[in-house]
Amino acid sequence: MRVTRNYRSGMLNPRSKTNKQNSLLKSALSRNNSSSRASRIAALLGNKNISGTGNTADRNFTASASQSQKFYYDMQYHAKQVGEYGESLKSSQKDSLYDKARENGSTEQIVSNVKNFVKQYNNMITDLKESGTRTDTAYLTQLNSMARIAERELASTGVSRKADGTLAIDEEKLSAVDVDTLEKVWGSSSGFPSKVAARAGSVAATAEQKIEAEKSSIYSPFDRTNLYGGGSGLGSYFNYRR
């Protein structure tokens, strides 16, 4: 009987057969692990469109996580701005805007700070709506409640609450309001701006936690080099402020 070379080689070198089987097994396990990892990524991000294995899944994950981080950096920035403008409008501040307005006969700086407060407040409201998490939805509900309660006072300075929860300004009316009324509505330590500024601090802190969680989710699954330094350029992008 003729014995083929392959058969003879296999009989003489049983390790080659075993090694080949082990190689096939490792390959299958690797594919399974990659598939499982991609599914895990999708679950973390809530992104059902992430699919594929290997480098494709890695790239999809990194891109999605990067977008998510940028979103929370923006939310954090908007919330902090609300806090800063709210603080600047307090009448208890030394040499407050209201004292200066009485001295120079102009409410221009107060009006400017009110406009900036409203702008960043609206940005924060939009962020919270887009986020849609349970915590952010709770913040949104609280802020909407504050705005409804203060609706009449705000209206006396030309600021109205819209159906979507954001605020609108009648600039002509706002500019015509006297200093005492502006101080009563916008400068009180128990008024709408102060309450919103306090809640904005919580929003910013929650956004910071989500940023850190996103960083961890990038590092852990893939053991990637730090994306926020070095050659990727993402660090400077995420530190960008608007």
Side-chain angles (χ1 to χ4, degrees), residues 72-209 241-242:
Y72 285 116
Y73 269 116
D74 282 348
M75 178 186 286
Q76 182 186 45
Y77 171 69
H78 296 147
K80 284 185 175 181
Q81 288 286 288
V82 169
E84 289 176 11
Y85 282 115
E87 190 67 23
S88 74
L89 285 164
K90 284 185 179 180
S91 58
S92 58
Q93 294 285 353
K94 184 179 180 180
D95 297 324
S96 72
L97 295 176
Y98 311 97
D99 294 334
K100 292 178 180 179
R102 292 186 181 97
E103 289 176 7
N104 60 35
S106 172
T107 62
E108 183 177 352
Q109 189 59 55
I110 302 172
V111 168
S112 175
N113 283 26
V114 169
K115 286 180 180 179
N116 285 320
F117 176 91
V118 169
K119 176 183 177 181
Q120 298 300 340
Y121 175 86
N122 288 344
N123 286 336
M124 182 174 67
I125 291 293
T126 301
D127 291 338
L128 292 172
K129 284 183 177 180
E130 188 175 342
S131 172
T133 66
R134 181 178 300 179
T135 300
D136 289 340
T137 300
Y139 289 148
L140 184 63
T141 300
Q142 293 165 6
L143 290 166
N144 282 331
S145 177
M146 292 177 191
R148 280 194 296 269
I149 292 171
E151 200 162 357
R152 183 175 296 179
E153 289 184 342
L154 294 175
S156 70
T157 63
V159 178
S160 58
R161 180 179 175 276
K162 297 165 67 175
D164 63 359
T166 59
L167 302 176
I169 298 176
D170 181 333
E171 294 191 20
E172 186 175 348
K173 184 173 181 179
L174 176 61
S175 298
V177 177
D178 62 274
V179 178
D180 291 340
T181 301
L182 288 171
E183 183 174 17
K184 179 181 178 181
V185 175
W186 293 94
S188 172
S189 59
S190 60
F192 175 75
S194 292
K195 291 178 179 178
V196 168
R199 181 55 61 224
S202 299
V203 173
T206 300
E208 175 65 26
Q209 292 173 0
R241 292 290 182 266
R242 292 187 296 179

I would like to know whether Leu154 and Trp186 meet side chain to side chain contact (heavy atoms under 4.5 Å, CB included); could you show each step before the answer? CA-CA 8 Å; Leu154 294 175; Trp186 293 94; 3.7 Å; yes
Between Gln120 and Asn116, is the side-chain hydrogen bond (donor to acceptor under 3.5 Å, both in side chains) condition met? List the steps. CA-CA 6 Å; Gln120 298 300 340; Asn116 285 320; over 6 Å; no
Distance in Å, [X] [atom1] paired with [Y] [atom2], rounded so as to fall on 0.5 Å steps:
| X | Y | atom1 | atom2 | result |
| --- | --- | --- | --- | --- |
| His78 | Gln81 | NE2 | CD | 8.0 Å |
| Lys195 | Ser189 | NZ | OG | 10.0 Å |
| Met124 | Lys80 | CE | NZ | 14.0 Å |
| Leu128 | Met75 | CG | CE | 5.0 Å |

Salt bridge or not between Lys184 and Glu153? Use side-chain N to carboxylate O under 4.0 Å.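 Judged by the 4.0 Å cut-off on N to carboxylate O distance, Lys184 and Glu153 do not form a salt bridge.
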Can you confirm whether the side chains of Arg148 and Ser145 place a donor and an acceptor under 3.5 Å from each other?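 No, because no side-chain N or O of Arg148 sits under 3.5 Å from a partner of the opposite role on Ser145.
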If I compare all heavy atoms of [X] with all of [Y], which pair ends up nearest, and what's the gap?
| X | Y | value |
| --- | --- | --- |
| Thr107 | Val177 | CG2-O, 4.1 Å |
| Ser156 | Val185 | OG-CG2, 3.8 Å |
| Ser88 | Leu97 | O-CD1, 3.5 Å |

Determine whether Val159 and Tyr121 satisfy the following criterion, side chain to side chain contact (heavy atoms under 4.5 Å, CB included), listing intermediate values before the conclusion. CA-CA 12 Å; Val159 178; Tyr121 175 86; over 6 Å; no
Could you tell me if the side chain of Arg161 sits less than 4.5 Å from the side chain of Asn144, heavy atoms only? yes
